[in-house]
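Working notes for the structure below.
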Amino acid sequence: MAKTLRYAVKHSFPIFISFIPVGLAYGVLMQNVGYNFLWTGACSLFVMAGSLQYLMVSFFAGGVSLATVAIMALLLNSRHIFYGLSFIEKFRSFGFWKYFLIYSLTDENYSLHCSHDFGEDINEKWAYVLTALMPILYWIILSILGSIIGTLIPFDTTGIDFALTALFIVILIEQMLGADNLLPALLAFVSSIVCLLLFGPSNFILPSLVITVALLTILRSRIEPKANGKEEA
Amino acid sequence: MVLSATQSILIIAICAVCTFLERALPFLLFRGKEVPEIIRYLGRVLPMAIMATLVMYWLKGI
């Protein structure tokens, strides 16, 4: 178990780095609208979604109906619907722990799940569970810390937020190097760019993913030509 | 705090439930059933596609 824990810490370390500015800043923002560390901790624990939590700060500033809260939450996190698709059977095989893994299926944990590289001697279930647990702990602790002492920290955080983008780029490259066919990435890029132009930066993800999934389905025989015999000619 | 504790708790609850439901949707849809081959295929190719989309999402802010 100690070995698995070490793996989990190592594998999730880049997430920790990227969470430092984002988590601390979130704590500060909550404090600014009058919510102390208990509220901040509760949001981080129960919602467990960085971008939505940032949006919630504006909700807490008042003037938003509960219906609007629900709609915006559903829209903002709609990409999460796609994450589970890759892990249905895997999580099911972990028994009761699948509930924890589903609950903790953030962008960051999704990227960690996609890039696991533990050896034969590590138990798969615990590798997944502990790796998913670490970012949760980092996030909760850092956001609470931000709430308590955030404004005292003087360092310039310019550029640190690139850590997450950099991590995603590295994981993407690893995916592409290990794949037979790069079409999924190409399709996703084209779809993203088109939707960025059509819908703007804040709204492009959902249409982009829908189009990407549609294209992946239509072009299945190009991407996986040796698929099962049910494939039509 | 502009809002009451009750209002705040409701907001947190709504956000938590919406997020969890979306994360759970694939598992709910195929609950107790064998996962169809087309979904398994998507499960294989989506990680690369989603990572590419996420990279675009984060890069757009730069």
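Because the structure is predicted, anything quoted here is derived from the model rather than measured. To find a chain, count down the sequence lines: A is the first, B the second, and so on, and within it residues start at 1.
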Kindly compute the distance separating [atom1] ([X]) from [atom2] ([Y]), expressed to the nearest 0.5 Å.
X	Y	atom1	atom2	answer
B:L10	A:L66	CG	CG	5.5 Å
A:H80	B:L25	NE2	CG	13.0 Å
B:M51	A:I173	CE	CD1	11.0 Å
A:L76	B:T19	CG	OG1	8.0 Å
B:M56	A:I193	CE	CD1	4.5 Å
B:M48	A:L186	CE	CG	9.5 Å

[X] vs [Y] side-chain heavy atoms within contact, under 4.5 Å:
X	Y	value
A:M56	B:I12	yes
A:V213	B:L46	yes
A:S111	B:L54	no
B:R44	A:S86	no
B:I11	A:F60	yes
B:E22	A:F82	no
B:I50	A:F168	no
A:R220	B:E37	yes

Which region of [X], side chain (C-beta onward) or backbone (N, CA, C, O), has a non-hydrogen atom less than 4.5 Å from a non-hydrogen atom of chain B, or is it both or neither?
X	result
A:L196	side chain
A:S115	neither
A:S78	both
A:I88	both
A:I223	side chain

Quiz prompt | For chain A, the option from B:V2, B:V35, B:I39 that forms the most heavy-atom pairs under 4.5 Å | solution =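 Highest number of heavy-atom pairs under 4.5 Å: B:V35.
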Quiz item: Hey, which of B:A5, B:A24, B:C15, B:A49 has the most heavy atom pairs under 4.5 Å with chain A?
Solution: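 Among the listed options, the one with the most contacts to chain A is B:C15.
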Exercise. For A:Q175 and B:P47, work out which heavy atoms get closest and say how close.
Key: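 Reported closest heavy-atom pair: OE1-CB, 3.6 Å.
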Practice problem: Considering non-hydrogen atoms only, spot the tightest contact between B:V45 and A:P184 and give its length. | Solution: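 Between these two residues, the closest heavy atoms are O-CB, 3.7 Å.
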Self-check item: Under 3.5 Å: donor-acceptor pair, side chain of B:R23, backbone of A:I102
Solution: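 No, because the side chain of B:R23 does not come within donor-acceptor range (under 3.5 Å) of the backbone of A:I102.
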Exercise. Please check if the side chain of B:Y41 supplies one atom and the backbone of A:E224 the other of a donor-acceptor pair under 3.5 Å.
Key: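 Answer holds: no.
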So what's closer than 4.5 Å to chain A heavy atoms on [X]: side chain, backbone, both or neither?
X	answer
B:L29	neither
B:A13	neither
B:I14	side chain

If you count heavy-atom pairs under 4.5 Å with chain B, which of [options] comes out on top?
options	result
A:L74, A:V64, A:V69	A:L74
A:S208, A:P201, A:A49	A:P201
A:R92, A:M48, A:M176	A:R92

Exercise. Answer yes or no: does atom CG of A:D180 have more than 12 heavy-atom neighbours from other residues, nucleotides or ligands under 6.0 Å?
Key: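 Check fails, neighbour count at 12 or below.
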Self-check item: Residues that A:F100 engages under ring pair (Phe, Tyr, Trp, His ring centres under 6.0 Å), provided they are two or more places apart
Solution: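 Testing A:F100 for ring pair (Phe, Tyr, Trp, His ring centres under 6.0 Å), a comparison that skips the adjacent residues, returns none.
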Practice problem: Determine which residues belonging to residues 34-45 of chain A lie within contact range of chain B, meaning some heavy atom pair is under 4.5 Å apart, and list them by number or answer 'none'. | Solution: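 A:G34, A:Y35, A:W39, A:C43, listed by number.
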Quiz item: Taking the six-membered ring for Trp, are B:F27 and A:F91 ring centroids under 6.0 Å apart?
Solution: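 Yes.
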Practice problem: Kindly assign one of parallel, tilted or perpendicular to the pair B:Y57 and A:F204, based on the angle between their ring planes and the thresholds 30° and 60°. | Solution: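 Plane angle between 30° and 60°, so tilted.
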